[in-house]
Amino acid sequence: MESRYFLARILENVGIHDNHTKNVINLGITCWGFVNASIFALTATRFKRRTIYLTCTISLLTVFTAWTIASARYSISGDQASSRAVIAFIFLYSPCYNIAYNALTYTFLVELFPFKVRAKGISVFQWFSRAAGFFNQFVNPIGIANAGWKYYISYCIFLLFEVTFVYFLFPETHGRTLEELAFLYEDDKVVEQKKRVEEEIHHDEKVNDAYDSSEKKV
């Protein structure tokens with residue numbers, strides 16, 4: 001969940017109604033996101049993909065769960081410490097998200113899909129990405145306006161699903177060339193190619209032997 005689309009509503013739910021304060025927080029989050037996103041874009045590809053994605057999803061789940069608890073505490077007691085905690089968790093959420101769901105996403109997609117279906121795979125990803133963006137921009141504000149902090153629980157559950165999904169279904173692609181990664185979806189073709197290469201080598205050896213024999217006879 002990207003909070004920039006409905007940050008004002010989130011801040012109002014924890015007692016921040018001053019527009020100047022909202023703008024300052026929004027500017028701070030934007031600048032902070034630019035800094036940490038740039039750092040992770042330049043460094044994330046050096047590490048194992050599964051490790052990065054698991055770190056990302058687990059940290060998102062942890063931070064967002066704490067964010068939900070702090071929002072609930074403020075809603076129940078009006079505790080100002082809980083309000084400040086929510087702001088802190090909003091800032092923490094940004095680097096947790098950008099660890100993997102930034103530049104590494106397209107690196108992983110290129111490594112994951114074989115060449116012949118890479119364009120289709122990225123197109124499908126883009127479709128789901130745009131659908132998620134629509135939901136995030138137009139549906140989430142309605143949910144937050146009507147359910148308040150309770151709406152966050154649905155995202156805690158979804159983030160738990162993401163952790164499980166990454167753990168069981170994301171393959172490790174780090175440290176291999178695109179040609180080596182063909183084994184992920186093209187096992188039969190790799191075996192067939194190896195067999196063909198071996199046959200060609202044996203054929204060349206036979207041709208060379210026959211040529212050598214003919215030269216000796218001459």
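What's counted below: heavy atoms across the whole structure, side chains too, no hydrogens, waters or symmetry copies. Just so it is clear, the model here is predicted, and its values are computed rather than measured.
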Check: Can we call the ring centroids of Phe89 and Phe64 under 6.0 Å apart?
Finding: no

Check: Between Cys96 and Val63, what is the shortest heavy-atom contact and its length?
Finding: SG-CG2, 3.8 Å

Next item on the list: Mind checking the CZ-CD1 spacing from Arg84 to Ile16? Nearest 0.5 Å is all I need.
Entry: 10.0 Å

Notebook entry, point to check: Which pair of non-hydrogen atoms, one from Thr173 and one from Glu111, has the smallest distance, and what is that distance?
Noted result: OG1-OE1, 2.6 Å

Next item on the list: Verify, without hydrogens or angle tests, whether Ser123 (side chain) and Ala119 (backbone) share a donor-acceptor contact under 3.5 angstrom.
Entry: yes

Check: What residue pairs, at least two apart or across chains, pass salt bridge (Lys or Arg N to Asp or Glu O under 4.0 Å) with a residue in residues 22-42?
Finding: Glu12-Lys22

Next item on the list: Tell me, with the steps shown, if Asn102 and Tyr97 meet side chain to side chain donor-acceptor pair (under 3.5 Å).
Entry: CA-CA 8 Å; Asn102 190 19; Tyr97 181 90; over 6 Å; no

Item checked: Under 3.5 Å: donor-acceptor pair, side chain of Arg9, backbone of Pro141 -> no

Note to self: Check whether Ser77 reaches the backbone of Tyr74 with its side chain - one donor and one acceptor, N or O, closer than 3.5 Å.
What the structure shows: no

Checklist line | Validation row: Ser83, Asp79 side chains within 4.5 angstrom (heavy atoms) | finding: no

Notebook entry, point to check: How about Tyr152 and Trp149: are their ring centres within less than 6.0 Å of each other?
Noted result: no

Checklist line | Pairing residues for Thr21 by the side-chain hydrogen bond (donor to acceptor under 3.5 Å, both in side chains) criterion, not counting sequence neighbours | finding: Asp18

Check: Does a sphere of radius 6.0 Å around CZ in Arg50 hold more than 12 heavy atoms from other residues, nucleotides or ligands, not counting ones at 6.0 Å or beyond?
Finding: yes

Item checked: Ala70 to Ser82 - nearest heavy-atom pair and separation -> O-CB, 3.4 Å

Item checked: Side-chain heavy-atom pair Cys31, Leu27 within 4.5 angstrom cut-off -> yes

Item checked: Minimum heavy-atom distance Asn13-Gly148, with the two atoms named -> ND2-CA, 4.3 Å

Note to self: One pair to check against side chain to side chain donor-acceptor pair (under 3.5 Å): Glu162 and Tyr101. What are the steps and the verdict?
What the structure shows: CA-CA 12 Å; Glu162 283 192 358; Tyr101 294 140; 3.1 Å; yes

Notebook entry, point to check: What's the spacing between Cys156 SG and Leu60 CG if we round to 0.5 Å?
Noted result: 11.0 Å

Margin query: Less than 4.5 Å apart, side chain to side chain, heavy atoms only: is that true for Ile90 and Ile29?
Written below: yes

Notebook entry, point to check: OG1/Thr65 to CG/Leu61 distance, rounded to the nearest 0.5 angstrom?
Noted result: 4.0 Å

Next item on the list: Can you see which heavy atom on Ala44 is nearest to which on Arg49, and at what distance?
Entry: O-NH1, 4.3 Å

Margin query: Is there a path of hydrophobic side-chain contacts, each under 4.5 Å between heavy atoms, that joins Ile58 and Ile157?
Written below: yes

Next item on the list: Of all the heavy-atom pairs spanning Thr57 and Leu54, show the shortest one and how long it is.
Entry: OG1-O, 3.3 Å

Notebook entry, point to check: So Arg130 and Gln126, side chain to side chain donor-acceptor pair (under 3.5 Å) or not? Walk me through it.
Noted result: CA-CA 6 Å; Arg130 297 296 180 269; Gln126 286 288 346; 3.1 Å; yes

Checklist line | Main-chain N/O of Ala100 paired to Thr105 side chain as donor or acceptor, under 3.5 Å | finding: yes

Note to self: Apply side chain to side chain donor-acceptor pair (under 3.5 Å) to residues Tyr151 and Asn146 and explain how you reach the verdict.
What the structure shows: CA-CA 8 Å; Tyr151 184 74; Asn146 289 278; over 6 Å; no

Validation: residues 32-42 side-chain donor-acceptor distances under 3.5 Å, sequence neighbours left out:
| residue | atom | partner | partner atom | Å |
| --- | --- | --- | --- | --- |
| Trp32 | NE1 | Phe91 | O | 2.8 |
| Asn36 | OD1 | Asn98 | ND2 | 2.7 |
| Asn36 | ND2 | Trp32 | O | 2.6 |
| Asn36 | ND2 | Ser94 | OG | 3.2 |
| Ser38 | OG | Phe34 | O | 2.7 |

Checklist line | Gap between atom CG of Asn26 and atom OG1 of Thr30 - 0.5 Å precision | finding: 4.5 Å

Item checked: Ile10-Leu92 co-clustered via ILVMFWY side chain contacts under 4.5 Å -> yes

Next item on the list: Please work out which of the three classes, parallel, tilted or perpendicular, describes the rings of Phe138 and Phe134, given edges at 30° and 60°.
Entry: tilted

Margin query: Go through it in stages, so that I can follow the logic: the residues are Ile99 and Tyr53, the test is side-chain contact (heavy atoms from CB on, under 4.5 Å), and I'd like the CA-CA distance, side-chain angles, deciding distance and then a yes or no.
Written below: CA-CA 8 Å; Ile99 290 174; Tyr53 274 104; over 6 Å; no

Notebook entry, point to check: If you group Ile, Leu, Val, Met, Phe, Trp and Tyr by side-chain heavy-atom gaps below 4.5 Å, do Val124 and Val166 land in one group?
Noted result: no

Note to self: With a 4.5 Å cut-off on side-chain heavy-atom distances among I, L, V, M, F, W and Y, is there a chain of contacts connecting Leu112 to Tyr167?
What the structure shows: yes

Check: Thr51 versus Phe47: any side-chain heavy-atom pair under 4.5 Å?
Finding: no

Next item on the list: Can you label the angle between the Phe108 ring and the Phe170 ring as parallel, tilted or perpendicular, going by 30° and 60°?
Entry: parallel

Next item on the list: Report the distance from atom CZ of Phe161 to atom OH of Tyr155, rounding to the nearest 0.5 Å.
Entry: 13.5 Å

Notebook entry, point to check: So, Thr164 side chain and Leu160 main chain: donor-acceptor pair closer than 3.5 Å or not?
Noted result: yes

Next item on the list: Verify the cluster assignment for Trp127 and Ile122: are they in a single hydrophobic cluster under the rule of side-chain heavy atoms below 4.5 Å apart?
Entry: no

